Structures are given as C-alpha cells and as structure tokens.
Amino acid sequence: MKKLDLARDVLDKLVVDREGTKMGRVDGLVIDLSGDGPPRVEAIEMGFVVLARRVHPRVERWVERLRRWSVRRTARFRVPWEKVKEVTNYHVQVDLKALETPAFDWERWLRDRFVAKVPGED
Amino acid sequence: MKKWLQLALGILTAVGGFFDMGAMATSAQAGANYRFQLLWAVAAATLIVIFLVEMSGRFAAVTKKALPDAIREHLGFTFWIVPFLVLTLSTYLVLATEIGGVCFALHLVTGLPTPLMALPVAVLAWLFLWRSTFSTIENSTSLLGLITLAFVVAAFHHRPPAGEVLRGFVPSLPGEDPLKYWAIAVSIVGAVLSPYLFYFYSSGAVEDRWDRSYVGVNRGIAALGMSFGSAVAMGGIVVAAMVLAPRGIQVDDYHQAAMMLTDAFPFWGFLLFAVSMGIACLGATLEVALAMAYSIAQTLGWNWGENLDPREDARFSSVYTGALLLASLPILFGVDPLKLTVLAMASEAAVLPFVALPFVLLMNDRKLLKEHANGWISNTVAVVVLLVSLVLTVVSIPLAFLGGGG
Amino acid sequence: MQTPSSSRRRCAAGGLAAILAAALLLACQKKSPEEDLLHKVEPVGSWLASLQMAGEKWAANSLPSSFLRASLSAARKEFEKADEESAKSRARPEVTVPLRRLLAEAKAAGAGLERGVEAGDRAAVARQARQLAGLRARFETLQNAGKGP
Amino acid sequence: MAGGKVHFELLLGRLVRDPEGARVGRILSVTAEIQGEECVVREYHLGTAALLARLGISFFGKKPRRVPWDLMDLGDPERPRLRCLASELKS
C-alpha cells in the first residue's frame with residue numbers, strides 16, 4: 001500500500017512507456033465517484049486540450065478547433081489506471097508503447113515528414 | 001578531477017548568457033557614456049548570477065531534473081503557464097538578437113549587408129545543433145569563447161586609472177541624464193541575468209548526467225564560469241571608457257563600437273572585435289535555441305536531449321529548427337540589431353520575477369532537496385533578487401523607451 | 001491556482017508607470033523648441049567623432065574600406081535625419097541656420113572621406129578626418145550655447 | 001448524482017463550503033492510496049497550509065484542514081460541499 005499526494009506525486013508528472021520513452025505528462029486525472037467505496041482514480045489524461053481546459057474553457061475550444069486541422073487523432077488521450085505500472089519520484093510508467101499511441105502522433109509525423117527528409121538522415 | 005572538465009558548461013553558459021550581444025552593447029554604451037561609473041552594476045549582477053546559477057546546478061545535481069521539468073511537475077501547469085509563456089517570448093527576442101550579432105560580425109568582416117546574413121546564419125546554427133552532441137557544443141564554444149578575453153587584455157593594455165576604476169564599483173549618481181544612466185544600468189542587469197540562463201544551465205547539467213557528487217564542484221563552476229563572463233563584460237566597459245569616451249563617441253549603432261579594440265591592437269583589433277562578437281553570439285545562438293527547445297520539451301514531457309539523434313526526439317529538434325528560422329526574420333527584414341538588443345534586454349529584465357519566483361519556491365522544497373535545500377544565505381540573495389527584479393519589471397520597459405538605451 | 005499577489009502587483013506596476021508617464025510629460029513640456037531640437041540631433045556629435053576616428057584608423061591601416069563605407073552610410077542617415085528635424089523644427093533661426101550649415105558640411109566631409117577611401121588616398125582621408133574634428137568642435141559649441149541660457 | 005466522473009485537475013483550487021454555506025477552504029492537495037490495481041482517494045486537504053505542504057515548505061506548525069473522502073460531496077464538482085459542518089471537522 002503506497003500513499004500518494006495526487007497533486008504532488010501524480011498530476012503533471014512525466015509519463016514514460018514500458019521502454020522508458022518519455023511520452024508526455026499527466027495533464028489530467030479522471031476520478032470515478034460511482035460505487036459506495038472511496039473515489040477511484042479511473043484514468044490519466046494527456047493532450048493539449050486537457051491542458052487548455054485547465055487554463056480556461058474558452059481556450060479549450062480554441063485548441064480543439066486547432067487540433068482538427070492537425071495530425072493528432074484524439075484530443076484527449078486517456079490511459080486507464082490499470083495500465084499504470086508504477087509511480088516513482090521521476091515518472092509514471094505505463095504499460096504501453098509510446099510510438100503506437102496518439103501521444104506520439106506529432107512525433108511520428110515530424111520524424112517521417114521532416115527529420116527523415118533532412119539530407120544525411122536516412 | 002574529471003569533474004572539473006565540466007567547467008566547460010560554466011563557460012558555455014557564461015559565453016551564451018553573459019558576454020553575448022546584449023553585454024557587448026551595454027558594456028560599450030556604459031563605458032562610452034559613463035566611463036567606469038557603471039562597473040558596480042556588472043559586479044552586483046555577477047554576484048547574483050553566481051548564486052542563481054549555483055542553485056540551478058545544485059537542483060539538477062540533486063534531483064536529476066532540469067528546472068522547467070521540475071517546475072511544471074511540482075508547482076503545476078496552471079502556475080507555470082504564465083512564466084513559461086513570457087519566458088518563451090523573451091527568449092525568442094534574445095535569440096533574434098544573437099542571430100543579429102552573428103550577422104553583424106559577418107557584415108564587419110565581409111562588408112555585405114547584415115540582413116543578407118540572417119538565413120545563412122540560422123542555417124549554420126541549425127546544422128551545428130542537428131549534427132553535434134551536447135559536449136561538442138559545450139567544449140568548442142567554451143574554447144573558442146576564450147577569444148573574448150581580448151577585451152580583458154585590451155583593458156589592461158590601456159592602463160586605466162586604478163582609483164577611478166575602483167570608485168566605479170561603488171554605486172553613484174550621474175552628473176547628467178539620469179534616465180539614460182538608469183536605462184543602461186537596468187539593461188546591464190538584464191543582459192547578465194538572462195532568465196533562460198538558469199534553465200539552460202540546469203538542463204545542461206542533466207545532459208552531462210550530474211549527480212549529488214557534483215554539488216561541490218558546481219559551486220566552483222558557477223563562480224568561475226560567471227566570473228569569466230563578468231571579467232569580459234568589465235573589460236568591455238573599461239575599453240569603451242578609454243577609447244570611446246574621450247573621443248566623444250556614444251554607441252548609437254554597433255558600427256561605433258566596432259573600433260573599440262583598434263587602439264590596443266592596431267592591426268588585429270578590428271578583426272578581433274568581429275571574431276569575438278561572431279563567436280560569442282554564435283555560442284549564444286546555440287545556447288538560446290537549445291534553452292527554448294529544452295523548456296518547451298520539458299514542459300510538455302517530450303523526449304529531449306542534444307545527445308539523441310534527431311529521429312529520437314523529432315519534436316525537440318523541430319522546435320529549435322523552427323525557433324531559429326522564426327528568429328532570423330527580424331534581422332532578415334532589416335530591423336536594426338542594436339534596437340533589437342535594447343528591446344530584448346528590457347524584456348529579460350521584465351520577465352525575471354516570473355522566472356525567479358517558481359525557481360525560489362522550488363529551491364526551498366525540503367521534501368525534494370532535503371539537506372541541499374536553500375539555506376538562509378541563498379534565500380536572502382533569492383529574496384533580494386525577487387525584490388530587485390520586481391522593481392526592474394516595472395521600470396525596465398518604460399526606461400528602455402525613455403532612456404533610449406542608444 | 002491564482003496567485004493572490006498578482007492583482008496587487010499589477011496595481012503597483014500601473015501606479016509606477018503612471019508616475020513615470022507624468023514625469024515624461026513634465027520633461028517634455030518644459031523644453032523649448034531649441035532645446036528639443038538640440039536634444040534630438042545629439043547623436044550627430046557622436047557620429048562626427050566616429051567618422052573622425054574611422055578616418056584616422058583607416059589611414060593607419062587598422063580598418064578595412066568596407067567598414068568605412070558602412071559607417072559612412074549609417075552616419076549619413078543620421079545627418080539627414082537631423083537635417084529634416086531642423087527643417088521642420090520651430091526653433092529660432094539663430095539655432096537652425098548654423099546647424100543646417102554644419103550638417104551640410106558634415107555630409108560634404110563624409111563624401112570627401114568616401115572619395116579618399118575609394119581612391120586609396122591615405123593623406124586625403126587623414127585630411128578629411130581633421131576636417132571632421134573641426135566640425136565636431138563647432139557642433140559642441142552649438143550644443144553648449146543652446147543649453148546655456 | 002453519485003456515479004459521476006470528476007476531473008481532478010479542475011477540482012484543485014475549488015472553494016469548499018459546508019452545508020450552511022460557510023467557506024471551509026480551497027482544495028489544494030488530495031491524498032490517495034495505491035491498493036493493488038486501484039488507486040483510491042483518501043483525504044482532501046484544504047487551505048494554504050495544504051499548498052505549502054505540497055510545495056515542501058515547512059511553515060510554523062500550521063496544519064491543513066483534512067476532509068476524509070466520505071465527508072466531501074462532489075455532486076457538483078464546481079461547488080464542492082462538506083457533508084458536515086465545518087466546526088465538526090477534526091483538524
């Protein structure tokens with residue numbers, strides 16, 4: 001049984017995949033109030049839209065509109081808590097492969113469309 | 001012993017953050033207008049910068065986290081967003097200025113117009129970042145940066161009156177034009193206390209894989225590296241005071257500063273100035289572009305690192321690529337490098353409290369730093385910095401316009 | 001999270017900015033058109049000195065010709081700006097007439113400097129530098145006379 | 001409205017009132033426990049002291065107000081309410 005301070009130890013912490021690749025930050029946490037027991041952390045959320053919501057709902061709408069023009073598949077990328085392997089001082093490790101998630105949509109797009117096209121990078 | 005090779009990081013930080021385009025301009029203006037009277041501003045700013053750089057290095061060594069990284073994590077996104085945005089904006093202006101510096105140096109050597117150099121310089125800087133590792137950049141910049149010591153040599157060559165120089169270390173009021181005096185004083189502090197400097201230094205320490213055992217060495221590196229930058233800036237003031245002031249030359253344009261070294265070195269002086277400026281500003285361009293990419297990547301939790309292949313951190317590399325391109329635009333469209341410098345220095349002074357506050361909060365986190373958290377001396381300095389920087393924020397922008405700075 | 005001190009800080013900032021703005025207004029109001037003009041053309045003196053130094057240093061083989069050309073064009077812009085200022089200024093002719101004559105001579109000296117550089121004539125350039133020194137002394141007298149009373 | 005979902009990041013900084021409408025404090029820190037696969041919320045900490053504790057700055061003995069999970073009504077996440085009077089909280 002490990003005690004956590006959700007604000008200090010989980011929210012805004014670095015998220016790494018099972019290979020240790022940095023894949024983003026815990027931009028938001030969804031808490032489930034159903035059931036008779038204590039509230040449960042259901043999922044962590046990542047994405048610009050989640051961040052924008054924390055600034056102001058209007059900013060969220062702008063960012064969401066912008067996102068539709070971009071290569072990002074989903075605005076909110078949700079990782080269920082069951083996928084969280086560990087929470088350390090340095091990161092939250094999740095049992096996923098970063099490259100296959102929407103969190104890496106931009107990374108993949110930039111790598112294929114830009115980095116790979118630079119002369120000398122093959 | 002090997003740890004002392006990390007002095008390169010200190011000197012790189014100092015070359016980029018200290019003796020760059022801003023310090024060139026402010027030193028020359030200070031010396032030309034007020035002779036030795038503003039040396040105290042450099043001394044005070046140096047003392048403060050040593051403390052702050054030491055703190056950011058200590059933080060990185062103990063927690064293995066860079067500052068933007070830790071600020072977002074511990075203070076939260078809603079707290080960080082405003083400092084982050086103002087810092088990014090100011091860093092952009094500084095980057096544009098440094099690119100302008102390299103362009104101007106090339107203009108001095110080749111005689112071709114400055115705006116023509118903007119794109120080639122951006123591409124050159126980009127190639128460096130794309131191709132090399134952190135330690136290559138660190139070592140080459142700090143080694144080449146030693147050429148700026150020419151200003152110190154020239155300062156001694158001129159045999160400045162010792163009494164008057166010493167008196168310059170005591171703050172005093174100017175006889176006339178106090179607005180201009182304070183405008184230059186503020187921009188000296190702005191030029192030395194570049195906010196991105198601390199963030200960059202801590203990211204550099206993480207790139208160089210510092211751990212707790214570096215806490216002691218870090219103190220020496222901070223003190224020596226920053227003193228190096230400070231010595232060059234003071235050299236610049238003394239040379240300007242000995243060469244420009246007696247002739248009645250004020251620095252309203254970088255061309256007027258370019259002759260500074262020709263008294264001490266009749267044949268090489270002009271080239272030395274151009275090369276010093278070019279190298280210092282190129283080093284600064286690399287540092288500032290990296291600083292920007294670091295803080296954005298760390299804030300958003302991307303893969304980052306100058307030691308990775310660009311394919312492994314495509315977003316990180318794209319950020320510095322885009323930043324360099326965007327920052328070359330003002331010079332490309334013919335903005336005067338000196339005007340840009342004055343604006344950038346004012347913006348640096350203005351954003352300092354936004355950047356210093358989260359930093360100071362973090363340095364007092366005892367859960368995180370344990371026995372390495374700030375003691376009362378560091379905290380006293382930090383509080384003084386915060387108060388001074390608050391005043392600077394309020395006065396810097398109006399002063400830059402009123403005092404003209406140039 | 002809102003920082004509670006931010007609004008108070010903004011107030012303080014606004015207050016100080018207002019004081020500064022008021023100071024600026026006062027400073028502008030008490031200036032006569034003569035003082036105003038002389039303040040605006042102040043960089044001319046520094047540019048005359050720069051050109052003089054550049055000429056001397058070029059003659060001593062310390063500077064490349066391209067630098068001299070660039071300095072000259074920057075200086076010429078400053079002279080022209082000063083000339084425009086004095087043309088549209090409401091200052092008394094006792095100030096504007098000698099000032100504009102001096103600026104015309106400065107431009108001529110600059111042109112002479114440029115001809116000397118293009119011809120590679122060190123003696124001519126050194127002569128023009130001495131000419132510029134004389135102009136600078138006259139400019140300073142003008143400035144002091146304007147500030148005196 | 002039991003069974004709702006709450007965004008934790010939006011809950012931070014919200015002002016909590018008790019059933020009589022009195023201000024109790026802002027939610028500035030939440031403790032949780034990892035139990036096997038699950039992570040469950042235990043307590044809500046209110047007030048500046050909670051913020052300082054979260055920032056690791058020790059401050060002369062000031063203690064945050066701690067609200068156990070079952071005493072916090074998050075039916076309307078924008079207006080969290082205590083299920084008891086503020087005076088009944090143990091501190």
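The model shown is predicted, which means the values in this text are computed figures rather than measured ones. Residue numbering restarts at 1 for every chain, and letters A, B, ... go by the order of the sequence lines. Computed from heavy atoms alone, side chains included, the values below leave out hydrogens, waters and symmetry copies.
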S.K.: Any pair with a residue in residues 70-88 of chain B that passes salt bridge (charged side-chain N to carboxylate O under 4.0 Å, His left out), sequence neighbours left out, goes on the list, sorted by first then second residue, please.
M.R.: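 Counting only pairs at least two positions apart or across chains, the salt bridge (charged side-chain N to carboxylate O under 4.0 Å, His left out) contacts touching residues 70-88 of chain B are A:D12-B:R72, A:K13-B:E73, A:D27-B:R72, B:K65-B:E73.
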
S.K.: In Å, rounded to the nearest 0.5 Å, how long is the span from CD of C:E56 to CZ of B:R247?
M.R.: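 That separation rounds to 6.5 Å.
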
S.K.: Can you establish whether the number of heavy atoms outside C:K107 located under 6.0 Å from its atom NZ is more than 12?
M.R.: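 Correct, the count exceeds 12.
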
S.K.: Report the C-alpha separation of C:W47 and B:Q256 in whole Å, then their side-chain angles, then the decisive distance to 0.1 Å, and conclude whether the side-chain contact (heavy atoms from CB on, under 4.5 Å) test is met.
M.R.: CA-CA 8 Å; C:W47 271 110; B:Q256 292 169 302; 3.5 Å; yes

S.K.: Give the interface residues of residues 109-126 of chain C toward chain B, defined by a heavy-atom separation under 4.5 Å.
M.R.: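 Heavy-atom contacts from residues 109-126 of chain C to chain B are absent.
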
S.K.: Under 4.5 Å from any heavy atom of chain B, what part of C:A54 do you find: side chain, backbone, both or neither?
M.R.: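 Contact with chain B involves both backbone and side-chain atoms of C:A54.
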
S.K.: Checking the side chain of C:S46 only, and the main-chain atoms of B:Q250 only, is there a donor and an acceptor separated by less than 3.5 Å?
M.R.: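 Yes; judged by distance alone, with no hydrogens or angles, the pair exists.
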
S.K.: By number, which residues in residues 59-67 of chain C have some heavy atom less than 4.5 Å away from chain B?
M.R.: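 C:N61, C:S62, C:L63, C:P64, C:S66, C:F67 fall under the 4.5 Å cut-off.
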
S.K.: Got a second to check how far C:M53's CE is from B:D263's CG, nearest 0.5 Å?
M.R.: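 Reported value, rounded in 0.5 Å steps: 5.0 Å.
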
S.K.: If you check every heavy atom in residues 68-102 of chain C against those of chain B, which residues fall under 4.5 Å?
M.R.: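 So far as heavy atoms go, C:A70, C:S71, C:A74 are the residues that approach chain B to under 4.5 Å.
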
